[in-house]
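Accompanying notes for the structure given below.
Quick note: numbers below take in every heavy atom, side chains included, and nothing from hydrogens, waters or symmetry partners. Model, not experiment: these values are computed from the prediction.
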Amino acid sequence: MELRRLRDKEIKLLQDFLYEAIFIPEGAEPPAREIIYLPELKIYYENFGTGKADYCIVADDGSRVIGAVWTRIMNDYGHVDDDTPSFAISLYKEYRGQGIGTRMMNEMLALLKEKGYKQASLAVQKANYAVRMYEKAGFKTVDENEEEYIMVCVL
């Protein structure tokens, strides 16, 4: 399994991984795939590659891309300021729990630090098992609402 940068011809994959990233609580029905076309979700992929903090690292198992972590500065759920890239991360279900997400996160945090960013942010649902992975990667809760934690990792 190789971690590498997203290729231009693969940008459309971000739509698939955005849908995969939607946390579905136990027993809840997954939303319709069309949810990714809502304005508040389109900002995660629309015109990706044109912003200064648009970076994406993918996990490639040799036959296909199985996961992605990407950042951009956007007014999303995890937005803390206009200088902090927000994280999105997703793996296909069958690859979760194997350390791939942690490897992708660490690689992206190193890239952002190399590019001169001081911190990165994300929003995560409180019930999402990934909260522990984010904490292990160095993210700390800086705010919260009824459903989500807003987390920041100082680089």
> Do we get Lys126 above Tyr149's six-membered ring, with its NZ or CZ under 6.0 Å from the centre and within 45° of the axis?
Replying inline: yes
>> Do the side chains of Asp83 and Lys118 get close enough for a salt bridge, i.e. N-O under 4.0 angstrom?
In response: no
> Between Phe17 and Tyr92, how do the two ring planes meet: parallel, tilted or perpendicular, split at 30° and 60°?
Replying inline: tilted
> Under 4.0 Å between a Lys/Arg side-chain N and an Asp/Glu carboxylate O for Glu10 and Arg4?
Replying inline: yes
>> A side-chain contact here means heavy atoms from C-beta on lying under 4.5 Å apart; do Asp76 and Tyr44 qualify?
In response: yes
> Is the side chain of Ser121 donor-acceptor paired with the backbone N or O of Met151 at a distance under 3.5 Å, no angle test?
Replying inline: no
>> Hydrophobic clustering (ILVMFWY, side-chain heavy atoms < 4.5 Å, transitive) - are Tyr77 and Ile22 grouped together?
In response: yes
>> Between Arg33 and Glu20, does any side-chain N to carboxylate O distance fall below 4.0 Å?
In response: no
>> To check you understand the geometry: which heavy-atom pair defines the closest contact between Asp54 and Thr50, and what is its length?
In response: OD2-N, 3.2 Å
> In the single-linkage hydrophobic clustering (I, L, V, M, F, W, Y; side-chain heavy atoms under 4.5 Å), do Val142 and Leu155 co-cluster?
Replying inline: no
> Taking Asp81 for the side chain and Thr84 for the main chain, is one N or O donor matched with an acceptor at less than 3.5 Å?
Replying inline: yes
> Any donor and acceptor pair, going by atom type alone, linking the side chain of Gln98 with main-chain N or O of Glu94 inside 3.5 Å?
Replying inline: yes
> Looking at Phe139 versus Phe87, is the centre-to-centre ring distance below 6.0 Å?
Replying inline: yes
> Which heavy atom of Ala137 sits nearest a heavy atom of Leu109, and at what distance?
Replying inline: O-CD1, 3.7 Å
